[in-house]
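Here's a structure for you.
Naming: A, B, ... by sequence-line order, numbering from 1 per chain. Everything numeric here is computed off the predicted structure, so don't read it as measured data.
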Amino acid sequence: MFDIKWIRANAEAFDTAMQKRGAAYRAQPLIELDENRRAVIARLNEAQEKRNAASKLIGQAKAQKDEARAQALMAEVAGLKDDIQKGEAEEREAEAKLKAALEVIPNIALDDVPVGDDETDNVEYFGPNGSPELAAKARPPKPSFAYRPKEHYELGEALGQMDFEIAAKLSGSRFVVLKSHLARLERAIGQFMLNTHVDEHGYTEVQPPLLVRDEALYGTGQLPKFLADQFAAVKDVTAEEADRLWLIPTAEVPLTNLVRESILSEEELPLRFTALTPCFRSEAGSAGRDTRGMLRQHQFDKVEMVSITTPETSTDEHERMLDCAEKVLARLGLHYRVMTLSTGDMGFGAQKTYDIEVWLPGQDTYREISSVSVCGDFQARRMEARYRAADGKPRYVHTLNGSGTAVGRALIAVMENYQQEDGSVSVPEALRPYMGGLTTIGGR
RNA sequence: GGAGAGAUGGCCGAGUGGUCGAAGGCGCACGCCUGGAAAGUGUGUAGGCGGGUAACCGUCUCGAGGGUUCGAAUCCCUCUCUCUCCGCCA
């Protein structure tokens with residue numbers, strides 16, 4: 001959510017930024033809405049001032065038992081009441097119009113974000129020093145296979161531990177049932193990632209609600225614009241008017257909203273939260289994409305990281321968070337690359353986003369497994385999340401979120417990267433403690 | 001699910017139509033006092049919006065949103081949340 005004052009003062013910068021994002025929003029119509037709003041407020045305030053002054057006098061007259069004077073004064077301001085009520089209605093309308101216009105505008109990209117139309121304009125990122133060699137040294141190498149590596153669903157179905165047919169019978173398409181060692185492998189991956197962030201990266205573990213109100217989704221930016229992507233849970237199916245909660249599309253929603261409507265002290269920042277939760281997405285816009293396998297599901301587990309920082313530290317925190325996400329992939333021995341998303345590919349609330357793309361040998365391609373974004377004060381404004389700065393004034397915090405990482409996709413990656421020619425999957429070293437020491441899934 | 005009671009500033013708490021953004025206390029900040037500290041004492045101590053270079057002025061906000069009234073923390077309606085008792089329940 002933008003500050004209209006900022007748009008007013010930086011109309012040109014706003015227009016340029018929107019152009020870069022390929023968005024049609026422009027400052028001028030917003031400024032007009034704001035001017036109307038301010039004119040309405042000024043008029044209303046004037047009328048209220050008159051009324052308040054008169055009411056005070058009436059109060060005094062009544063206190064002095066001067067009934068005649070009180071009556072005279074009351075007659076004098078009687079006409080104001082109508083004006084004020086009309087003014088109040090006008091103000092509500094003007095505020096609502098401006099808000100409705102502002103709340104659907106995407107965030108502005110930071111200056112160092114590559115300008116582009118879509119994912120083809122994303123740029124590979126090699127860390128703060130920009131060295132491909134150093135980056136390559138820090139990351140696991142791409143594995144090579146002497147045979148055509150299989151896709152995860154081929155492996156999983158052959159193992160008899162990944163069942164899309166029965167899942168479809170239970171829940172429809174885009175669901176999966178995992179069994180036996182694969183079920184445990186998914187749990188192991190989640191536990192491993194969560195433990196890593198809690199024990200080594202300084203994140204506070206959170207077990208948040210999976211069902212949230214409208215306000216929470218509004219705070220992180222999913223509502224009102226992306227209503228169609230969400231799953232809703234109806235409180236009482238027999239009720240005439242459906243009272244509903246939303247299934248979280250990501251733990252970003254509850255974790256970020258942990259600080260909503262509060263004024264934090266500067267000393268307690270940064271706050272770092274992490275959670276392992278299921279995520280629910282209806283993926284309405286992308287029917288037909290990735291229909292095979294468990295790459296794109298209506299339900300998946302994800303470990304999420306959220307940081308709440310001051311404005312001064314948010315970009316450093318962004319690099320740190322990316323590093324935390326990379327760490328778990330490196331520990332799992334999974335080859336990956338990092339992309340800086342172009343202005344055309346970024347999400348609604350992001351100022352800058354890194355995607356981590358893991359290598360999937362079965363698909364012979366890189367696929368997104370983590371997305372790490374800095375949102376500036378965009379979400380903070382929607383949530384009214386502030387902190388008290390050194391000068392004593394409340395300022396909006398900055399928020400960041402990142403997957404650390406998607407558990408379902410990590411399972412796919414582990415299967416495809418650790419597969420063996422006989423169709424078995426060896427268990428990465430880091431996960432064996434979570435697998436009761438099991439070293440191989442399937443095989444003889 | 002049923003019955004009842006509530007929600008006031010950072011915290012506690014008074015206030016049931018009139019000069020109340022709100023007594024009092026605690027906390028906090030600054031000053032005085034002190035060799036230093038404690039105690040004591042004085043002053044200050046919410047947020048949003050509009051206007052103004054600023055000092056400042058105006059306005060709104062007593063859980064949230066509407067309404068009644070010249071005037072609402074106080075009366076009415078709706079919503080949210082909390083607590084107590086009963087019921088149900090992993």
Side-chain angles (χ1 to χ4, degrees), chain A residues 1-9 30-103 207 209-219 223 235-246 254 257-268 377 380-397:
Chain A
M1 177 84 95
F2 279 97
D3 180 5
I4 184 61
K5 282 191 223 162
W6 184 88
I7 296 179
R8 241 195 277 158
L30 299 166
I31 289 173
E32 280 165 24
L33 283 174
D34 185 49
E35 269 165 10
N36 170 54
R37 172 183 142 270
R38 285 192 293 160
V40 166
I41 287 174
R43 247 182 287 139
L44 175 62
N45 279 4
E46 215 177 302
Q48 285 170 328
E49 189 179 351
K50 274 194 227 162
R51 180 204 60 193
N52 288 350
S55 290
K56 238 176 214 189
L57 292 177
I58 292 169
Q60 284 169 0
K62 289 252 185 186
Q64 291 159 11
K65 306 277 185 218
D66 188 347
E67 198 54 38
R69 191 167 128 76
Q71 288 298 329
L73 283 162
M74 278 162 70
E76 210 177 299
V77 291
L80 275 178
K81 193 182 170 183
D82 228 37
D83 290 351
I84 288 171
Q85 287 192 325
K86 244 174 48 201
E88 282 172 347
E90 275 171 12
E91 190 201 353
R92 275 199 290 274
E93 198 192 331
E95 299 272 12
K97 272 189 187 160
L98 180 63
K99 180 163 179 265
L102 288 174
E103 67 192 4
Q207 189 66 259
L210 307 180
L211 297 172
V212 297
R213 294 176 186 286
D214 290 22
E215 288 84 342
L217 280 188
Y218 181 88
L223 287 184
K235 263 189 193 164
D236 178 2
V237 292
T238 63
E240 302 231 339
E241 206 152 320
D243 209 355
R244 67 191 174 186
L245 289 171
W246 301 97
N257 277 281
L258 247 27
V259 297
R260 68 175 295 119
E261 293 163 57
S262 61
I263 301 181
L264 306 162
S265 67
E266 184 159 5
E267 298 81 65
E268 59 190 311
D377 62 9
R381 282 179 193 287
R382 300 173 83 98
M383 297 188 301
E384 279 301 313
R386 294 172 291 176
Y387 76 101
R388 206 171 286 282
D391 63 3
K393 291 257 180 283
R395 296 161 74 193
Y396 287 107
V397 297

Hunt down the Watson-Crick or G-U wobble partner of B/A90, both distances under 3.5 Å, from any strand shown, or write none.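 Matched B/A90 with nothing under the 3.5 Å cut-off.
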Using a cut-off of strictly less than 4.0 Å, decide whether A/R38 has a side-chain nitrogen or oxygen near OP1 or OP2 of B/G51.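 Looking at the OP1 and OP2 atoms of B/G51, one of them is under 4.0 Å from a side-chain N or O of A/R38.
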Using the P atom in both, what is the distance from B/G9 to B/A64, to the nearest Å?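 My reading of the P atoms in B/G9 and B/A64 gives 9 Å.
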Can you find a side chain N or O atom of A/K56 that sits less than 4.0 Å from OP1 or OP2 on B/G71?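 Checking B/G71 against A/K56, no side-chain N or O comes under 4.0 Å of OP1 or OP2.
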Looking at B/U82, which nucleotide sits across from it as a Watson-Crick or G-U wobble partner, both distances under 3.5 angstrom, or is there none?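 The base-pairing partner of B/U82, which may sit in any strand shown, is B/A5.
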I want to verify a distance call: between B/C49, B/G47, B/U59, whose nearest atom is closest to the A/I41 side chain?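 Closest nucleotide to the A/I41 side chain: B/C49.
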Show your reasoning for whether side chain to side chain contact (heavy atoms under 4.5 Å, CB included) applies to A/K62 and A/E67. CA-CA 6 Å; A/K62 289 252 185 186; A/E67 198 54 38; 3.5 Å; yes
Whole-Å gap separating P (B/A46) and CG (A/L264):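 In whole Å, B/A46 P and A/L264 CG are 19 Å from each other.
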Base partner of B/G21, which must satisfy Watson-Crick or wobble distances under 3.5 Å: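 Matched B/G21 with nothing under the 3.5 Å cut-off.
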Nearest-Å distance, CD1 (A/I4) to P (B/G48)?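 In whole Å, B/G48 P and A/I4 CD1 are 18 Å from each other.
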For A/E46, does the CD atom sit with more than 12 other heavy atoms under 6.0 Å from it, leaving out its own atoms?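 No, the 6.0 Å shell around CD holds no more than 12 heavy atoms from other groups.
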If you check the A/S55 side chain, which of B/G18, B/C49, B/U19 turns out closest?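 So the nucleotide nearest the side chain must be B/G18.
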If you measure from the C1' atom in B/A3 to the same atom in B/A73, how many Å do you get, rounded?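 One C1' to the other, the span is 28 Å.
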Please report the closest heavy-atom contact between A/I58 and A/M74, naming both atoms and the distance.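 In this case the closest contact between A/I58 and A/M74 is CD1-CG, 3.4 Å.
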So, does A/R51 get its side chain near the phosphate of B/A72, meaning an N or O under 4.0 Å from OP1 or OP2?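 False: A/R51 side-chain N/O out of range (4.0 Å or more) of B/A72 OP1/OP2.
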Nucleotide nearest A/R386 when distance is taken to its side chain, options B/C70, B/C49, B/G48: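 Comparing B/C70, B/C49, B/G48 against the side chain of A/R386, the answer is B/G48.
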Just how far, in rounded Å, is C1' of B/G63 from CD of A/E215?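 Between C1' of B/G63 and CD of A/E215: 13 Å.
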Who does B/C28 pair with, Watson-Crick or G-U, both distances under 3.5 Å?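 By the stated definition (distances under 3.5 Å), B/G44 pairs with B/C28.
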Between A/L80 and A/R51, what is the shortest heavy-atom contact and its length?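 Smallest heavy-atom distance, with atoms named: CD1-N, 3.8 Å.
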For B/A55, the Watson-Crick or wobble partner whose two distances fall under 3.5 Å: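 Paired with B/A55, as far as the under-3.5 Å criterion goes, is no nucleotide at all.
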Rounding to a whole Å, what distance do you find between A/I263:CD1 and B/G48:P?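 Nearest whole value for this atom pair: 7 Å.
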How do A/Q60 and A/M74 order along RNA chain B: which one's closest nucleotide is nearer the 5' end?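 Here A/Q60 is the residue nearer the 5' end.
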Quick one: look up who B/C75 pairs with, Watson-Crick or G-U, both distances under 3.5 Å, and put none if it's unpaired.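 WC or wobble partner is B/G67.
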Take A/I4 and A/L30 through the test side chain to side chain contact (heavy atoms under 4.5 Å, CB included) and record every step on the way to the result. CA-CA 8 Å; A/I4 184 61; A/L30 299 166; 4.1 Å; yes
Tell me whether the side-chain N/O atoms of A/R92 come closer than 4.0 Å to OP1 or OP2 in B/G66.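 Answer yes for this pair, as a side-chain N or O of A/R92 is under 4.0 Å from OP1 or OP2.
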Provide, to the nearest angstrom, the distance between the CZ atom belonging to A/R37 and the P atom belonging to B/G48.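 Rounding to the nearest Å, CZ of A/R37 and P of B/G48 are 14 Å apart.
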What is the distance from CG of A/D3 to P of B/G50, rounded to the nearest Å?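 Going from CG in A/D3 over to P in B/G50 covers 9 Å.
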Can you check whether A/R381 has a side-chain N or O nearer than 4.0 Å to OP1 or OP2 of B/G48?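 No, A/R381 has no side-chain N/O under 4.0 Å of OP1/OP2 on B/G48.
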A/N52, nearest nucleotide to its side chain (from B/C81, B/U59, B/U68):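 So the nucleotide nearest the side chain must be B/U59.
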When you measure from the side chain of A/N45, which nucleotide among B/G58, B/G47, B/C70 comes out closest?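 Per side-chain heavy atoms of A/N45, the pick is B/G58.
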Using side chain to side chain contact (heavy atoms under 4.5 Å, CB included) as the criterion, point out the one residue from A/R382, A/R260, A/R213 that pairs with A/Y218.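 Single side chain to side chain contact (heavy atoms under 4.5 Å, CB included) partner of A/Y218 among A/R382, A/R260, A/R213: A/R382.
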Side-chain N or O of A/Q85 less than 4.0 angstrom from OP1 or OP2 on B/G67?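 For B/G67, OP1/OP2 do not have a side-chain N/O of A/Q85 under 4.0 Å.
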Nearest heavy atom decides the nucleotide; on that basis, is A/L44 or A/E384 closer to the 5' end of RNA chain B?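 Going by which nucleotide is closer to the 5' end, it is A/E384.
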Atom CZ of A/R213 and atom P of B/C79: how far apart are they, to the nearest Å?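 It is 13 Å, rounded to the nearest whole Å.
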Does a side-chain N or O of A/K62 approach OP1 or OP2 of B/G18 to a distance below 4.0 Å, or not?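 The answer is no; no side-chain N or O of A/K62 sits under 4.0 Å from OP1 or OP2.
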Over all strands shown, is A/K50 touching base, sugar-phosphate only, or nothing at heavy-atom distances under 4.0 angstrom?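 Nothing, no heavy atom under 4.0 Å.
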Compare the minimum distances between each of B/U68, B/A46, B/C49 and the side chain of A/R388, then state the nucleotide with the smallest one.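 Nearest to the side chain of A/R388 among the choices is B/A46.
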Could you check whether A/R8 gets within reach of a base, just the sugar-phosphate, or nothing at all, counting any heavy atom under 4.0 Å?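 Since only primed, P, OP1 and OP2 atoms lie under 4.0 Å of A/R8, the category is sugar-phosphate.
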Nearest whole Å is fine: how far is B/G51 P from A/R43 CZ?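 Rounding to the nearest Å, CZ of A/R43 and P of B/G51 are 14 Å apart.
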Does CD in A/Q207 sit with more than 12 non-hydrogen atoms of other residues, nucleotides or ligands closer than 6.0 Å?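 Atom CD in A/Q207 is not packed in, count stays at 12 or less.
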